[in-house]
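Letters go in sequence order (proteins before strands), and every chain restarts at 1. Bear in mind that the values here come from a model prediction, so they are computed numbers and not experimental data.
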There are 2 protein chains.
Amino acid sequence: MNTAPAEDPRWLDDEEQRTWRAYLHASVLLEDHLDRQLQRDAGMPHIYYGLLVQLGESPRRRLRMTELARNAKITRSRLSHAIARLEKNGWVRREDCPSDKRGQFAVLTDEGMEVLRRTAPGHVAAVRQAVFDRLSPEQQKSLGEIMQIVAEGLQPEEAGADLPWLR
Amino acid sequence: MNTAPAEDPRWLDDEEQRTWRAYLHASVLLEDHLDRQLQRDAGMPHIYYGLLVQLGESPRRRLRMTELARNAKITRSRLSHAIARLEKNGWVRREDCPSDKRGQFAVLTDEGMEVLRRTAPGHVAAVRQAVFDRLSPEQQKSLGEIMQIVAEGLQPEEAGADLPWLR
DNA sequence: ACCCATTACTTGAACTATCAAGCTTCAAGC
DNA sequence: GCTTGAAGCTTGATAGTTCAAGTAATGGGT
């Protein structure tokens, strides 16, 4: 259950250092960049935009709160606050789940859909300009594989999610 | 001065989508993971820890506010608040710059150095476990190169920084 | 000697995130 | 049909971030 041996740690060597710092720098610069871009053009932070996208892609433009939180990799608490804010903007509304009275759907409104339609092109352009336009096809492929691996390592073991007896 | 053409955008194709989402997922999971790890073990968020590290590596354990902000890729405003908090913890103190009365140094205290010494091993271990232990040497190399490129693209043109007539 | 644009840093307000409760509903076991 | 543990979601307090505006010192020019 412990994370660290805490004795005689294997420090990062020079190349690992450089790699790690490059990652840290790039990731904060990128996140800041996209946050600003979306705050300016869509009036919301990057992660909120991601929530609208998720909803827009879902059948009937709706998702249960817990599932949306899981997809977006955020806590339910954070989602509650976020949806409250988006609701104030009129971009999302809540609906009760008929089959489970505890449940809530977050539903993308027409207005929300419109915001998405209007701002998506600028956002894709920003992502292309910051990332894809600068990387070769091989680098893009690598990046995908690498990030996939890292993400899997940090997921609370979704493997066997439908095989509960294995957990 | 405009970012986006906004007409007929080149959407991401399926593979680009997968790559981008893998990146997004991994980066938020990783940042959350390290934030929690450091909050738990060192009592501060990841970025604050990074500030202490920077200071620790600098001559006389001190850096001008502006330079520290630039290194850490954050705004001076954010840094002011952050240093205020770290000062309350006794891990950093401010010192006036003798040669420029506007200037301030952030200085790592002995106490701050001690926190660093105590918590660094656990943090390196967490980084290894989440990233380096899962990637082949080639993947590590790729990651470094890719992130270097992305970071450069987002920097406010530090190239030619001492050649002001080129800007 | 005096302007004045620039640089260095800070501040306060509004917003967003996190954490630890909390409330309600569900469903499994008795 | 109760009880009880867990699931689904929310809430409020505390902490961190952002943005716009502020003060103060500097360094050129005139």
Rounded to whole Å, how long is the line connecting atom [atom1] of [X] with atom [atom2] of [N]?
X: E87(A); N: dC9(D); atom1: CD; atom2: P; result: 14 Å
X: R64(B); N: dT26(D); atom1: CZ; atom2: C1'; result: 11 Å
X: E95(A); N: dC9(D); atom1: CD; atom2: P; result: 14 Å
X: H81(A); N: dA20(C); atom1: NE2; atom2: P; result: 14 Å
X: L68(A); N: dA7(D); atom1: CG; atom2: P; result: 19 Å
X: D96(B); N: dA24(D); atom1: CG; atom2: P; result: 15 Å
X: D100(B); N: dT26(D); atom1: CG; atom2: C1'; result: 7 Å
X: Q104(A); N: dC26(C); atom1: CD; atom2: P; result: 13 Å

If you pin K101(B) and R78(B) to their nearest nucleotides in DNA chain D, which one's is more 5'?
R78(B)
For D41(B) and Q37(B), test the side chains for any donor-to-acceptor distance below 3.5 angstrom and give the result as yes or no.
yes
If only side-chain N and O atoms count, and only distance matters, is there a donor-acceptor pair under 3.5 Å linking T109(B) with E111(B)?
no
Any R36(B) side-chain N or O less than 4.0 Å from OP1/OP2 of dC19(C):
yes
May I ask you to evaluate whether R85(B) reaches the phosphate of dG16(D), defined as a side-chain N or O under 4.0 Å from OP1 or OP2?
yes
Which nucleotide in the set dG16(D), dT11(D), dT10(C) lies at the smallest distance from any side-chain heavy atom of S80(A)?
dT11(D)
Of all the nucleotides listed (dC9(C), dA8(C), dC9(D)), which has the minimum atom distance to the side chain of R94(B)?
dC9(C)
Any donor-acceptor pair, under 3.5 Å, between the side chain of R102(B) and the base of dA24(D), if you only look at N and O atoms?
no
Pick base, sugar-phosphate or nothing for [X], based on heavy-atom distances below 4.0 Å to the nucleic acid.
X: Y48(A); value: sugar-phosphate
X: L79(A); value: nothing
X: D35(A); value: nothing

Check the orientation of H46(A) and Y49(A). Use parallel for under 30°, tilted for 30 to 60°, and perpendicular for over 60°.
tilted
So does R94(B) get a backbone contact from the side chain of E87(B), meaning a donor-acceptor N/O pair under 3.5 Å?
yes
Mapping S77(A) and G43(A) to their closest nucleotides on DNA chain C, which lands nearer the 5' end?
G43(A)
Go nucleotide by nucleotide along DNA chain C from the 5' end; which of R76(B) and M44(A) gets its closest nucleotide reached first?
R76(B)
Let's go through K141(B) and E138(B) carefully: what are the C-alpha distance in whole Å and the side-chain angles of both, what is the deciding distance for salt bridge (Lys or Arg N to Asp or Glu O under 4.0 Å) to 0.1 Å, and is it a yes or a no?
CA-CA 5 Å; K141(B) 183 155 173 288; E138(B) 297 77 34; over 6 Å; no
